[in-house]
S.K.: 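Structure below; questions to follow.
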Amino acid sequence: MNLAVIALLAGALIGVSLGALGAGGSILAVPVLVFGLGQTPVEATTGSLVVVGVTALIGTITAWRTGHLLPGPGLAFGLIAIIGAAAGALASARVSGIVLLAAFSVLMLTIGGVLAGRQLRSIGEPEAADLAALEDPIIAFSPRFVCHCPRALKVLVSATLVGLLTGFLGVGGGFLVVPALLLALGLPMRYAAGTSLLVITMTSAVALAVRGAADLQPDWRLVILLTVAAAV
C-alpha cells in the first residue's frame with residue numbers, strides 16, 4: 001500500500017482515539033511510523049510528538065467548548081510536567097532505538113493493566129462531578145495559606161514522571177496523563193480525558209523543541225500527512 005494512504009488512514013484512527021479518550025495517539029503513532037512508514041524508532045518518537053501535539057491542541061479547544069476541560073488542574077499539572085519533558089527529551093538522544101521501543105512497550109502494557117484494574121474496581125460506582133471541588137487549588141496563599149500537601153506531593157511526583165517519560169519516549173503522554181489525573185487529582189474519567197489534552201499539548205511542544213534542537217528529524221512529509229488526517 002502507498003505510504004501516503006497508510007499515513008492518511010492511520011492518522012484518522014489516531015485522531016479518533018485521541019479526541020474520544022484523551023489518550024492513545026502515541027500508542028498508535030509510534031508503531032505506525034516505525035512499522036508502517038519505515039521510520040527509525042528515534043525518528044518515529046520525534047514525529048509522533050507533532051502528530052499528537054497538533055491533534056491534542058485541536059482536541060483541547062473542543063473539550064473546553066464542551067465543558068470537559070478543567071483549565072486550572074490542567075495548567076498546574078502541565079507546568080510541572082514540561083520540566084520533566086525537557087529532561088526526558090535530552091536523555092532520549094543517548095539511548096538506542098531498541099531501548100526506546102522496549103521501554104515504550106513495557107510502559108504501555110503496565111499502564112493498560114493499571115487502568116483496566118481501576119475500571120473493574122469502580123464498576124457500579126457513580127462518578128463525582130462537583131466542578132468547584134475539582135478545581136479547588138491544592139496550594140493557596142490568599143486570603144489565607146492553604147496546602148493540601150499529600151495531594152500536592154502526588155501531583156508533583158506524577159507530573160514530573162509523566163513529563164520525563166513523555167520526553168524520553170517521544171509520546172504525547174495521554175496514556176500516562178489520563179491515569180495520573182484519575183489517581184493524583186481524582187478527576188472523573190470524562191474530565192480527565194478532556195483535561196489531559198491540554199497537558200499533552202504542553203508536554204509535546206516542549207519535548208519537540210528539545211528534540212528539534214538535538215537534530216532528531218523524521219521524514220516530515222509523512223508526519224505532516226499523518227498529522228492532517230489525525231487533526232481532522
Side-chain angles (χ1 to χ4, degrees), residues 18 22-23 25-27 29-30 42 45-57 59-60 63-64 69-95 99-100 103-104 106-108 110-111 114 134-141 145-187 191-216:
L18 193 61
S26 300
I27 291 174
V30 172
V42 173
T45 51
T46 299
S48 76
L49 289 169
V50 177
V51 179
V52 174
V54 172
T55 310
L57 176 59
T60 298
W64 177 71
L69 168 66
L70 301 178
L75 286 171
F77 195 96
L79 288 172
I80 298 171
I82 60 176
I83 300 171
L90 288 172
S92 69
R94 305 178 186 278
V95 300
V99 172
L100 285 176
F104 179 86
V106 170
L107 183 64
M108 183 173 64
T110 302
I111 294 298
V114 170
L134 291 175
E135 294 206 273
D136 278 347
I138 297 173
I139 298 176
F141 297 92
F145 177 73
V146 176
C147 177
H148 302 287
C149 294
R151 191 177 176 209
L153 181 61
K154 286 170 65 176
V155 171
L156 178 63
V157 172
S158 59
T160 301
L161 183 60
V162 165
L164 282 168
L165 292 170
T166 294
F168 183 70
L169 298 176
V171 297
F175 72 106
L176 299 169
V177 178
V178 170
L181 292 174
L182 287 169
L183 300 174
L185 291 177
L187 301 187
Y191 293 109
T195 303
S196 75
L197 294 168
L198 175 59
V199 180
I200 293 167
T201 303
M202 297 169 68
T203 55
S204 296
V206 170
L208 181 64
V210 173
R211 281 170 168 254
D215 200 30
L216 304 173

S.K.: Could you give the distance from CG (Leu69) to OH (Tyr191), rounded to the nearest 0.5 Å?
M.R.: 11.0 Å

S.K.: Compare every heavy atom of Leu187 with every heavy atom of Leu70, then report the nearest pair and how far apart it is.
M.R.: CD1-CD2, 3.8 Å

S.K.: List for me each residue that meets side-chain contact (heavy atoms from CB on, under 4.5 Å) alongside Ala76, sequence neighbours excluded, and say none if there are none.
M.R.: none

S.K.: Using modelled atom types only, decide if a donor and an acceptor are shared between the side chain of Ser196 and the backbone of Val178 within a distance under 3.5 Å.
M.R.: no

S.K.: Please list, chain by chain and in numerical order, all residues satisfying side-chain contact (heavy atoms from CB on, under 4.5 Å) with Leu164, sequence neighbours excluded.
M.R.: Ala87, Thr160

S.K.: Checking Val157 now: which residues fulfil side-chain contact (heavy atoms from CB on, under 4.5 Å) with it, not counting sequence neighbours?
M.R.: Leu153

S.K.: Looking at every non-hydrogen atom in both residues, tell me the closest pair between Ile200 and Ala56 and how far apart they are.
M.R.: CG2-CB, 3.6 Å

S.K.: Leu75: which residues meet the side-chain contact (heavy atoms from CB on, under 4.5 Å) condition with it, sequence neighbours left out?
M.R.: Leu198, Met202

S.K.: When you measure from the side chain of Thr55 to the backbone N and O of Val52, does any donor-acceptor pair fall under 3.5 Å?
M.R.: no

S.K.: Looking at Thr201 and Gly53, what are the two nearest heavy atoms and their distance?
M.R.: OG1-O, 4.1 Å

S.K.: Check whether any side-chain heavy atom of Ser158 sits under 4.5 Å from a side-chain heavy atom of Phe77, and report yes or no.
M.R.: yes

S.K.: Working to the nearest 0.5 angstrom, can you tell me the gap between Leu156 CG and Ile83 CD1?
M.R.: 9.0 Å

S.K.: If you look at every heavy atom in Ala63 and Leu197, which pair is closest and at what distance?
M.R.: CB-CD1, 4.4 Å

S.K.: For a quick test of reading the model, state the closest non-hydrogen atom pair linking Ala180 to Val162 and the distance between them.
M.R.: CB-CG2, 4.1 Å

